[in-house]
Amino acid sequence: MLDARDRQLLEQIQTGLPVCPRPYAEIGTTLAMPEAEVLERLTQLKQQGLIKRMGVIVKHHQLGYRANAMIVWNVPDNLVKQLGRQLSQFAFVTLCYQRPRQAEWPYNLFCMIHGKDRETVLKQLEQLNANCDLVGLEHNILFSRRCFKQRGAVYQPTNTTSLTHG
Amino acid sequence: MLTPLHKSLLNDFQRDFPLSSRPYQDIANALGVSENDVLSALTELSENHLISRIGPIIPPNQLGVSTLVAMAIPEPQLQAIADKISAYPEVNHNYEREHTFNLWFVVIASNAEHLQAVLDAIELETGYKTMSLPLLDDFFIDLGFKMDFHNA
């Protein structure tokens, strides 16, 4: 599905498209790939869902979305999919995942809400609980405090190892 | 100060960025400005740290494997340990959150062995346990933001 050239292209483009008149040609030059092939491969990757979306990635914190909460619930396994899809319908939910429970962590359904302030996020949580029949289920809300590092996913090329300082 | 052009670039081009030879020219045509206006405005947004990049959102576990990791670190040591963890190139989105598990970050690696090696190295270097919560199913990964400039 993802051949070596696709992989190289994604690795090259993941840190950002140059801001210049022919950005795809420039990416192509680095990879010795014609501009037309860059465009064709990116179009296909998007159709295949290997690029979820392509565009301007904003820094939400700087733009006023300062209350950032991860909300977690312990829901019955047979309802996870249905509830996950329901939660995803709300415009203020930016991410929604199923993750495994662990010994000290009973929660299996995760979502993120990015809001302008804490009160708004708490109201939105109430709305989710009420609308998705989540009232009474074990849950937790983890507001973020400090951000130590924030950047998009940067996939390390296959052969690098970076554990030298570990 | 955000101009109408800045606002439009922030809000209207988070998805479906043109896949064409002159994407910035296409945007300029759509907005009735020059390509140069678009290039300058995007450079300004980038320099003012309002955008992180123009690029793709790649779903997890396509180019490699990833997991969300939580650790419970005593407050006085948190900054120092967080800094050590942030130094790993495989780590991103390293946050303090309000919980006993107060440090949360994502580890991305090319394969499962490499991922485990990073977790092992972190435990060895910090002396604290990691709790790994790999993705089982994603219902929605988008991270688009509707900009509300009335209150911004």
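All chains are named by letter (A, B, ...) in the order of the sequence lines, taking the proteins before the strands, and each is independently numbered beginning at 1.
Here the side chains of Trp104(B) and Ser144(A) are not in contact, with every heavy-atom distance at 4.5 Å or above. Between Lys52(A) and Pro56(B) there is no side-chain heavy-atom pair separated by less than 4.5 Å. At least one side-chain heavy atom of Arg22(A) sits less than 4.5 Å from a side-chain heavy atom of Ser21(B). Residues Phe17(B) and Leu17(A) form a side-chain contact, since some pair of their non-hydrogen atoms from C-beta on lies under 4.5 Å apart. When side chains are defined from C-beta on, Ile57(A) does not count as touching Ile54(B), because their heavy atoms never get closer than 4.5 Å. Using a 4.5 Å cut-off on side-chain heavy atoms (C-beta onward), Asn140(A) and Glu98(B) make no contact.
To the nearest 0.5 Å, atoms CG (Asp83(B)) and CZ (Phe148(A)) are separated by 7.0 Å. The distance from atom CD of Gln44(A) to atom CG of Leu19(B), rounded to the nearest 0.5 Å, is 12.0 Å. Between the CG atom of Asn108(A) and the CG atom of Asp137(B) there is a distance of 11.5 Å, given to the nearest 0.5 Å. Taking CZ from Arg99(A) and CG from Asp138(B), the interatomic distance works out to 9.5 Å, rounded to the nearest 0.5 Å. Of the inter-residue distances, the one linking Ile51(A) atom CD1 with Ile58(B) atom CD1 reads 6.5 Å to the nearest 0.5 angstrom. Rounded to the nearest 0.5 Å, atoms CZ (Phe101(B)) and CD (Gln102(A)) are 9.0 Å apart.
Only the backbone of Ala69(A) comes within less than 4.5 Å of a heavy atom of chain B; no side-chain atom from C-beta onward does. Of the atoms belonging to Ile141(A), it is backbone heavy atoms, and not side-chain ones, that fall under 4.5 Å from chain B. With a 4.5 angstrom heavy-atom cutoff, Val38(A) does not touch chain B via any of its atoms. Leu109(A) touches chain B through its side chain: at least one heavy atom from C-beta onward sits under 4.5 Å away, while N, CA, C and O do not. Proximity to chain A is limited to the side chain of Glu35(B), based on heavy atoms less than 4.5 angstrom apart. Residue contact with chain A, scored on non-hydrogen atoms closer than 4.5 Å, involves the backbone of Ser20(B) exclusively. Using a 4.5 Å cut-off between heavy atoms, Leu103(B) touches chain A through its side chain atoms alone. For Glu40(A), no part lies near chain B; criterion is any non-hydrogen pair under 4.5 Å. In this structure, the portion of Tyr24(B) lying under 4.5 Å from any heavy atom of chain A is its side chain and not its backbone. With a threshold of 4.5 angstrom between heavy atoms, Thr100(B) does not approach chain A through any atom at all.
Listed here is the closest heavy atom pair of Arg97(B) and Asn68(A): NH1-OD1, 3.3 Å. Summarising the geometry of Pro23(B) relative to Pro23(A), their closest heavy-atom pair is CG-CG, 3.5 Å, with the distance given to 0.1 Å. Considering every non-hydrogen atom in both Pro100(A) and Leu133(B), the closest pair reads O-CD2, 3.3 Å.
The pair Arg53(A)-Asp16(B) fails the salt-bridge criterion, with no side-chain N (NZ, NE, NH1 or NH2) lying under 4.0 Å from an Asp/Glu carboxylate O.
Chain B forms the most heavy-atom pairs under 4.5 Å with one residue out of Phe110(A), Phe92(A), Phe143(A), and that residue is Phe143(A). In terms of non-hydrogen atom pairs under 4.5 Å with chain B, the most contact-rich of Pro18(A), Cys20(A), Gly16(A), Gly49(A) is Cys20(A). For the set Met54(A), Lys81(A), Met112(A), the entry with the most heavy-atom pairs within less than 4.5 Å of chain B is Met54(A). Between chain A and the residues Asn36(B), Leu50(B), Leu42(B), the largest count of heavy-atom pairs under 4.5 Å involves Leu50(B).
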Test log, rule side-chain contact (heavy atoms from CB on, under 4.5 Å), inputs Arg146(A) and Tyr95(B)
CA-CA 6 Å; Arg146(A) 271 173 288 176; Tyr95(B) 272 93; over 6 Å; no
Residues Tyr24(A), Arg22(B); criterion side-chain contact (heavy atoms from CB on, under 4.5 Å); working and verdict:
CA-CA 8 Å; Tyr24(A) 299 109; Arg22(B) 301 280 294 269; over 6 Å; no
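Of the possible donor and acceptor atoms, one in the side chain of Arg53(B) sits under 3.5 Å from a partner among the backbone N and O of Gln14(A). Of the possible donor and acceptor atoms, one in the side chain of Lys149(A) sits under 3.5 Å from a partner among the backbone N and O of Ser86(B).
Both Tyr128(B) and Val118(B) are assigned to one and the same hydrophobic cluster, defined by single-linkage of ILVMFWY side chains at heavy-atom distances under 4.5 Å.
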